[in-house]
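Treat the numbers as computed from the prediction; the structure is a model and nothing was measured. Per chain, numbering begins at 1; letters A, B, ... match sequence-line order.
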Amino acid sequence: MLHLQHQRTDAMSDPLSRPAFDTAMARAGIVLTEAEAEGIRAATAHAARFAAAVRVDRPVAHEPATTFAPQEPKR
Amino acid sequence: MTTPTIAEAARLFAAKTLSPRELVRDCLDRAERLNPVIHAFIRFTREAALAAAAESETRWMKGAQRGPLDGIPIAHKDIYETAGVVTTGHSRVLLHHVPQEDAATVRQWKAAGAVSLGKLATHEFAWGGPSFDLPWPPARNPWDITRFTGGSSSGTGAAVAAGVILGGTGSDTGGSIRMPAALCGTAGIKPTYGLCSRAGVLPLAQSLDTTGPLAWTVEDCALLLQAMAGHDPADPSSADRPAPDLLGGLRDGVKGLRIGVIRHFHETDMPVSPGMQTAIDTAAAALREAGAEVGEASLPSLQAFNAAGWVILAAEAYAVHEPWLRTRYRDYGEFLRERLAVAATLSAADYIQAQRRRRELADAVGEQMRHFDILLTAGSPGEARPIEQMTKWASFEGPNFTIPFNLTGQPGVVVTAGFGQGGLPLGIQIIGRPFEDAMALRVGHALETVLGLRGQRPKLPA
């Protein structure tokens, strides 16, 4: 069975780069001062650490969570 | 007046040695007098409370009371919608929000005769606190008002500990019932996900959110939970199954039950204070003495649970608040808006990976629950910390002991199992299997009884 391995780098617990952070804020419609942006960007290191930690190797077709079961309409 | 428990008050009402009007008025007077110190309430509903107490008294006098909650002073966390009464989420964003209908639990407790004294402080929308830039200050811990209450059901923990209400509503997405219960020295239960309706409760993260009560004793939590448990078609997460009997077996003891202490959580993954270690050891020894078989459970690391829990909570919270963040960013307090801004940087893949991890972690816990009826661990790392140490990113920095069981959906009861060097309470968690809330309450009640700590209340002005 095919496995996909997550490549782990130090960057996975670094803050987002400034361009990536600015893109995320623009997409969210959040307008920040320069000082706010730098403070929040530094805290994205926590998010990166958590996001790295949830990536574990498993078979590529193994889906333990996000399946969908259609329901028959109620009659 | 010494604040009775709910069970005691019901007995006194039945014996006609205490009246609902007397109790409600006394609680209201003390709550209003203490509020400038503990900030547990953000709104009182005095006239409605006194009217409801008078109606309750009439029912008790006629022998037509609705049950043990009739005439009991309670209050609701301000994320529970209350018809005709402003419900803000402790936020400027909803400063003038007057719901048309009661939340399901508000309706259920009202139908059981409970008397609401008002609305209780919370961390902003149950995630942003303790904050000092909101329309109301954060609640303070009645054991020491320089200390944190725990959150987010901060006002409920403070008001129950201060004895100005006999019980109240909380919500728990990552520990928001259990942490204030642990730090304020009350009892509390995060019920099984799906046991209680969340209809009419402002959401934080809908695959984790649960509603539940805090009260002074486990028995009182069982009485309150009994009145709010059961299927509600208005809440898509509500389990379509009959409400369990949470009271019938409460005094059955722990003889023969298998209890697993998750030692690596509090000894290796997140070492706790010496006081908390002693509290856990004392509780385990007391349960063994009472006839339980006590062993050691082994789960994935606390950090693994925390990572999945944080990503899911943050991503879902951002999805809830996304429209308001675009248009009303500056109406939020700094803590919540900046936490939500961090959440906005998560990707869809992050969220899906976290949900996959959640399922694997829940399966690992489920495997351990084949060997144990109950798991035991800390409710917090130690005593409540000074409130000013609870900085904007503090909750991001270390794991907590509660979020694993939001991920797994299991019920968790908090019981005070000791006091630390500073004289503040130390709460531990008793975790049951999904939909075995009655067993978790039973163990909690047994432990509370043998430990005999419920006679100690915080010292507050009369």
Which heavy-atom pair separates A:Met25 from B:Ala344 by the least distance, and what is that distance?
CE-CB, 4.1 Å
Answer with side chain, backbone, both or neither: which region of B:Ala314 has an atom nearer than 4.5 Å to a non-hydrogen atom of chain A?
neither
CD1 on A:Ile40 to OG1 on B:Thr345, rounded to 0.5 Å:
10.0 Å
Nearest-0.5 Å distance, CD of residue B:Glu322 to CD1 of residue A:Ile30
9.0 Å
Under 4.5 Å from any heavy atom of chain A - which part of B:Tyr318:
side chain
When you look at A:Arg49 and B:Gln303, which way does the side chain to side chain donor-acceptor pair (under 3.5 Å) test go after all the steps?
CA-CA 11 Å; A:Arg49 175 167 52 88; B:Gln303 284 77 5; over 6 Å; no
Indicate the atoms forming the closest heavy-atom contact of A:Ala51 with B:Asp350, along with that distance.
CB-OD1, 3.5 Å
Check whether B:Ala354 gets within reach of chain A through its side chain, its backbone, both or neither, counting any heavy atom under 4.5 Å.
both
For the pair B:Arg330 and A:Glu36, find out whether any cationic side-chain nitrogen is under 4.0 Å from an anionic carboxylate oxygen.
yes
Taking atom CZ of B:Arg359 as the centre, does the number of heavy atoms from other residues, nucleotides or ligands within less than 6.0 Å exceed 12?
no
If I compare all heavy atoms of A:Pro64 with all of B:Glu360, which pair ends up nearest, and what's the gap?
CG-OE2, 4.2 Å
Under 4.5 Å to a heavy atom of chain A? For B:Arg339 that would be neither
What closest approach, in Å, do A:Thr66 and B:Gln355 show between heavy atoms, and which atom pair accounts for it?
CG2-CB, 4.4 Å
Which atoms of A:Arg27 come close to chain B, meaning under 4.5 Å heavy atom to heavy atom: side chain ones, backbone ones, both, or neither?
both
CZ of B:Arg356 to CD of A:Glu63, rounded to nearest 0.5 Å, is 4.0 Å
Could you walk me through whether A:Val56 and B:Arg357 pass the side chain to side chain contact (heavy atoms under 4.5 Å, CB included) check?
CA-CA 8 Å; A:Val56 298; B:Arg357 193 75 187 111; 3.6 Å; yes
Can you tell me which of A:Ala28, A:Ala24, A:Gly39 forms the most heavy-atom pairs within a distance under 4.5 Å of chain B?
A:Ala28
At a heavy-atom separation under 4.5 Å, does B:Glu397 approach chain A through its side chain, its backbone, both, or neither?
both
Where on B:Thr327 is there a heavy atom nearer than 4.5 Å to chain A: the side chain, the backbone, both, or neither?
neither
Given B:Phe396, B:Tyr351, B:Trp310, the one that forms ring-ring contact (aromatic ring centres under 6.0 Å, His included) with A:Phe50:
B:Trp310
